[in-house]
Amino acid sequence: MKFDELGLSDPLLKAIGDAGYESPTPIQAQAIPHLLMGRDIVGIAQTGTGKTASFTLPMIEILSTGRARARMPRSLILEPTRELAAQVAENFATYGKNHKLNMALLIGGVSFSDQEEKLNRGVDVLIATPGRLIDHFERGKVLLADIKILVVDEADRMLDMGFIPDVEKIIKLLPPIRQTAMFSATMPSEIKRLTDSYMMNPRNVQVDATASAAQTVTQGLLRVNGGFAEKRAALRKLVRACNVGNAIVFCNRKRDVATLEKSLTSHGFNAAALHGDMHQSARMETLARFRDGEITLLIASDVAARGLDIPNMSHVFNFDVPMHADDYIHRIGRTGRAGKEGHAFTLATRSDEKFLDGVERLLGRPIPPIDPEGLQKDNAKGGTKAKKKADTEADESSSESTKDTDAKASDAEKSPDDVKAPRRRRRSSRARSDDAKTESADNAPEATDDDEKSSEASSDVSPEATPEEPIERPRWMRSRRESSSNDSSRSRSRSGNDEVEEIKDGHGKAFGKEEYTPAFLRR
Ligand code: AMP
């Protein structure tokens, strides 16, 4: 199937061609025709499948006729996190560059007044996190009576983060006659209830998450004897044994993110943490540095890293097995995106065992084991003498500097029950701002990247030696961009300024990247 068979107009096809896409992904091929016909759809797809374009492309097409009135947006996209909202805004900028549509991004951590000014000028596409949108609505700054298209993205994440009551409240404020698309990687009963209650005879479109993960991601499991300290040592060896370009390291607990980042940094790795306690500008800046290749290892929680689209990320490391099996799919979906090759390696101690069962049941097969002996041998002969000496010294100093945090983290491992599971939490008060929610959910894992390992990747015993059976890539995955670039090279973001706060309006210029780059990201 080709894009020009989907019913999209020439300006859109041109923008798609400029983005380097040759053929639609399966979710795009399924969803776009239905949405262009004005149908409601339920899309079962995770990030990495091209689902964002599957709704942004038809939205641009549908909205290309008509104009927005002040404070009355014509379409609404709800996203669970600020970062995801910013990514969707970036997608609109890419695909809508030949259209005269105005867009506004309503996310927490950004001044209300700028957002209000944008709303006053009239927006065609409003991209928002639920808490911030409700705040604006309650202040009378936005009216939702003219919304013709609603997209609820990452509905299962909305559920995890306790946003469903807000989503439902927002839906009730919309006109009943509208088009609705809901996307979710999984379909828990609460989400099913939403689709039954608020959608009109929706078409289901589905991409098999587990199958798509298996196609492009080489997975491996490293069993570790011991606790937090042993796991950290094992991670260092693993990272050094891999040819890491850039990677996310996921932890289940926010406090472990900080400890692990400190430990990795003291061992000479180029790592940074991403968690909900960080100020929004610091989060955006860390992400920009990661995308620009200044940071190799991003240590993050599930919540902080949700849905991030980092092109060409070479590896994902699960420092902990996620507590919820579908988080495994979300995590490994950070690599091997859009047909690129990816690697996802998971560390497991005895305390991870119960979660591992759930993951392997979801995958329908065991994760292939990584041989720890091979890794140690590899590590022993992999680095230069100078590097090994530095590591030894760093190890010694780290065992001092991280003693306290290790002890605490070990406690956490012994009593995982004291970690509140993020799933199906309900917010109890109006303190349910997006920020508060994101942060409270940060008992979940975080990830860190490390660059040092790429220079040490001379090992011939690497986890890549345990690949899954090769599967031929579907045609859509072989984009022009991919074939013209080296998979293993670290690529920059499409714009070099990935975090979008808001897109300036001005007909004819709307969506131009240079128009909306927030000041704090301009270099
Ligand atoms: P998403 O699932 O929307 O987060 O998209 C994942 C990645 O796939 C993004 O980097 C998109 O730019 C890329 N992508 C989306 N559609 C296509 C396509 N048809 N061909 C190649 N890459 C695509």
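Start at 1 and go down the list; that is how both ligands and their atoms are numbered. All values reported here derive from a predicted model rather than from experimental measurement.
Evaluation of the side-chain hydrogen bond (donor to acceptor under 3.5 Å, both in side chains) rule for T346 yields N318 as partners, not counting sequence neighbours. Remark: N201 pairs with no residue by the side-chain hydrogen bond (donor to acceptor under 3.5 Å, both in side chains) rule, at least two apart or across chains.
Atoms of ligand 1 found under 4.0 Å from any heavy atom of S23, numbered from 1 in the order shown, are 18 (C), 19 (N), 20 (N). Within ligand 1, counting atoms from 1 as listed, the ones closer than 4.0 Å to a heavy atom of T52 are 1 (P), 3 (O), 4 (O). Taking every heavy atom of T25 and a limit of under 4.0 angstrom, the matching atoms of ligand 1 come to 16 (N), 17 (C), 18 (C), 19 (N).
Contacts between Q28 and ligand 1, counted as non-hydrogen atom pairs separated by less than 4.0 Å, involve the side chain only. Contacts with ligand 1 closer than 4.0 Å are made by no heavy atom of S54, backbone or side chain.
Between atom 20 (N) of ligand 1 and the options Y95, Y21, F183, F3, the minimum heavy-atom separation is to Y21.
Geometrically, ligand 1 and A53 share no nitrogen or oxygen pair separated by less than 3.5 Å.
Q219 places no side-chain N or O within donor-acceptor distance of the main-chain N or O of P368, the cut-off being under 3.5 Å. In this structure, D302 contributes its side chain and F250 its backbone to no donor-acceptor pair below 3.5 Å.
A salt bridge does not link D196 to R193: none of the charged side-chain nitrogens sits closer than 4.0 Å to a carboxylate oxygen.
In this structure, the side chains of L235 and L260 come closer than 4.5 Å at one or more pairs of heavy atoms.
The shell of residues lying under 4.0 angstrom from ligand 1, judged by heavy atoms, excludes A19.
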